[in-house]
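One structure below.
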Amino acid sequence: MNIRLFKPSIGQEELDNIKQVFDREWLGLGPMVSQFEKEWNDYVGTKMSIGLNSATAALHLALMAYKFPKGKKVLVPAITFASTATAVLYNDLIPVFVDVEKDTASMDLEDLKRKYTDDCVAVIPVHNGGYPVPMDKLMEIAKELNLKVIEDCAHSAGGVYKGKKLGTWGDIGCFSFEEKKCMTTGDGGMICSNDIELIEPLKAQRWVGIDKDTWKRTQSADTENDAMHWHYEIALLGYKYNMNDIAAAIGLAQLHKLEQMNLKRRNIIKKYLNGIENLKTIKPIFPYDTEKGAYWFFGIRSEHRDELIIYLKNLGIATGVHFYPLPLQPLFAPYNNGCKVAEEIWKTFITLPSHIDLTDEELDFVIKAIQEFDAKK
Ligand SMILES: *Cc1c(COP(=O)(O)O)cnc(C)c1O
């Protein structure tokens, strides 16, 4: 056996869309990106979406939209991928780590209140693994404390909390289409919001600050009679963060399959949960709701974590750990403010093969391996 941890699920639909891009011979920022943005808006239910080359770029730009003064603070969970906190540093802001809850590994809202100071201007909740932060409660706290809310939905494309799509609870939602995530464009990201005025400038800022993208300039009706059609204005400092049409072509096909893919992942999780239900030493990493929800991975907790990782590796089963707490990373050590729960519970985390093309045979093989490991403990 050689069972991968993550793997994109891609096929003919993606290829058909890419063919359209090749036929048009326009690979960069163009009509496919616009189409993807439009369909993303419709799917998530926001007023504006902007296609980017990553969620890292999305988080960077989302914070930039507010023009916070240098040195202000942003609350981020201690357990997340690096980009949630590097986006804070890119903006000359200071990350304040919030501890996680013991049982859910999700941002602890009580600790958030404890860590809050007058310098805090925003919070970036992360729906870690697809487990939703209780956004109703968070929004209440944010309102009270006057914090802007940028949802990091890198793990939760298509996710819903209390009937409302994740990414629409906060002021801005940021999504990742990196190849391992719920849906992919190879690399890619999306920023979306109902506050058009707030995020509109980010359209230029994803394109080196240029106010009109090249596709729009070449398509404008008066191009033929306008010798100045090449002209554009640069009023803002921007970055080269745009999505391109090849990525958007893949993204459109993936978006059309997203609900189906999230359902498949829930069914895999259901099988895992049944398989580990009666085990002595192994528990799910957080409480899964297999009836709804968009989960990025299936994880477990084991006191014999490292031993189990090696045991599975020797059977050809790839595993991972999501995530090593950021305050323990050298880059973030200066901001380590004591997230005791995170520092404890991560030691038990194992992510199991979670991609949707896992066969029943592979899934049964992994579950059996875990059961056998548990029986010897
Ligand atoms: C993957 C990830 C990101 C970054 O996504 P990219 O598209 O790879 O830049 C941001 N936040 C979290 C929580 C992630 O897991």
Side-chain angles (χ1 to χ4, degrees), residues 5-8 33 36 40 49-64 74-91 95 97-98 100 104-107 122-133 135 138 149-159 166-167 170 172-192 202 206 239-244 246-248 250-251 254-255 258 265 285-286 294-299 320-327 329 331-332 342 346 349 351 354-355:
L5 179 58
F6 294 114
K7 187 189 79 61
V33 175
F36 186 31
W40 187 263
S49 294
I50 304 173
L52 302 170
N53 61 10
S54 69
T56 305
L59 291 161
H60 181 180
L61 293 184
L63 273 173
M64 211 160 67
V74 179
L75 298 143
V76 296
I79 290 189
T80 179
F81 184 65
S83 304
T84 318
T86 56
V88 178
L89 297 181
Y90 297 156
N91 280 283
F97 288 108
V98 178
V100 294
T104 65
S106 174
M107 189 181 239
V123 54
I124 310 181
V126 178
H127 308 298
N128 187 35
Y131 184 87
V133 172
M135 289 307 294
L138 177 63
V149 179
I150 297 167
E151 283 180 80
D152 182 339
C153 300
H155 302 173
S156 55
L166 297 177
I172 299 180
C174 298
F175 291 83
S176 174
F177 309 129
E178 196 262 350
E179 78 154 355
K180 298 186 285 302
K181 302 292 169 69
C182 295
M183 61 170 273
T184 187
T185 61
D187 267 314
M190 191 71 86
I191 199 162
C192 58
L202 305 183
R206 75 166 165 186
Y239 298 83
K240 186 65 173 62
Y241 276 175
N242 63 282
M243 181 177 277
N244 67 50
I246 304 174
I250 300 171
Q254 290 269 297
L255 175 57
L258 180 59
R265 216 175 276 105
I285 193 166
F286 50 68
Y295 295 107
W296 175 39
F297 62 72
F298 181 71
V321 172
H322 296 91
F323 291 95
Y324 182 65
L326 287 185
Q329 296 283 8
L331 176 66
F332 296 109
W346 81 274
F349 290 177
T351 305
S354 298
H355 66 81

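All residue numbers in this chain count up from 1 along the given sequence. Remember, it's 1-based here, ligands and their atoms both numbered in the order they're listed.
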Show me which atoms of ligand 1 lie under 4.0 Å from any heavy atom of V126.
13 (C)
Under 4.0 Å to a heavy atom of T80 - the qualifying atoms of ligand 1, by number
13 (C)
Would you check if the side chain of W296 reaches a backbone N or O of K180 as a donor-acceptor pair within less than 3.5 Å?
yes
Is any N or O atom of T56, backbone or side chain, closer than 3.5 Å to an N or O atom of ligand 1?
yes
Treating E151 as the side-chain partner and G170 as the backbone partner, does any N or O pair qualify as donor plus acceptor under 3.5 Å?
yes
May I ask you to identify the nearest protein heavy atom to atom 12 (C) of ligand 1, giving residue, atom name and distance to one decimal place in Å?
A154 CB, 3.3 Å
Have a look at ligand 1 and work out which part of S83, if any, has a heavy atom under 4.0 Å from it: side chain, backbone, both or neither.
side chain
State whether the shortest distance between N or O atoms of W296 and N or O atoms of ligand 1 falls below 3.5 angstrom.
no
Nitrogen or oxygen atoms of H155 and ligand 1 under 3.5 Å apart:
yes
Is there a side-chain contact between N128 and F323 in this structure, where contact means two heavy atoms from C-beta onward sitting under 4.5 Å apart?
yes
Between F286 and H155 (judged by ring centroids, cut-off 6.0 Å), do the two rings come close enough to count as a pair?
no
Does S49 use its side chain to pair, donor to acceptor, with the backbone of C192 at less than 3.5 Å?
no
Strictly under 4.0 Å, does any heavy atom of K180 approach an atom of ligand 1?
no
Please confirm whether F349 and F297 have ring centers closer than 6.0 angstrom.
no
Options K181, E178, H322, ranked by nearest heavy atom to atom 2 (C) of ligand 1, top entry:
K181
Is it the case that ligand 1 has an N or O less than 3.5 angstrom from some N or O of D152?
yes
Within the side chain of N91, is there an N or O that forms a donor-acceptor pair under 3.5 Å with the backbone of H60?
yes
Do V123 and M107 have side chains that approach each other closer than 4.5 Å (heavy atoms only, starting at C-beta)?
yes
With a 4.0 Å cut-off on heavy atoms, is G188 touching ligand 1?
yes
Is the closest N or O pair between A55 and ligand 1 shorter than 3.5 Å?
yes
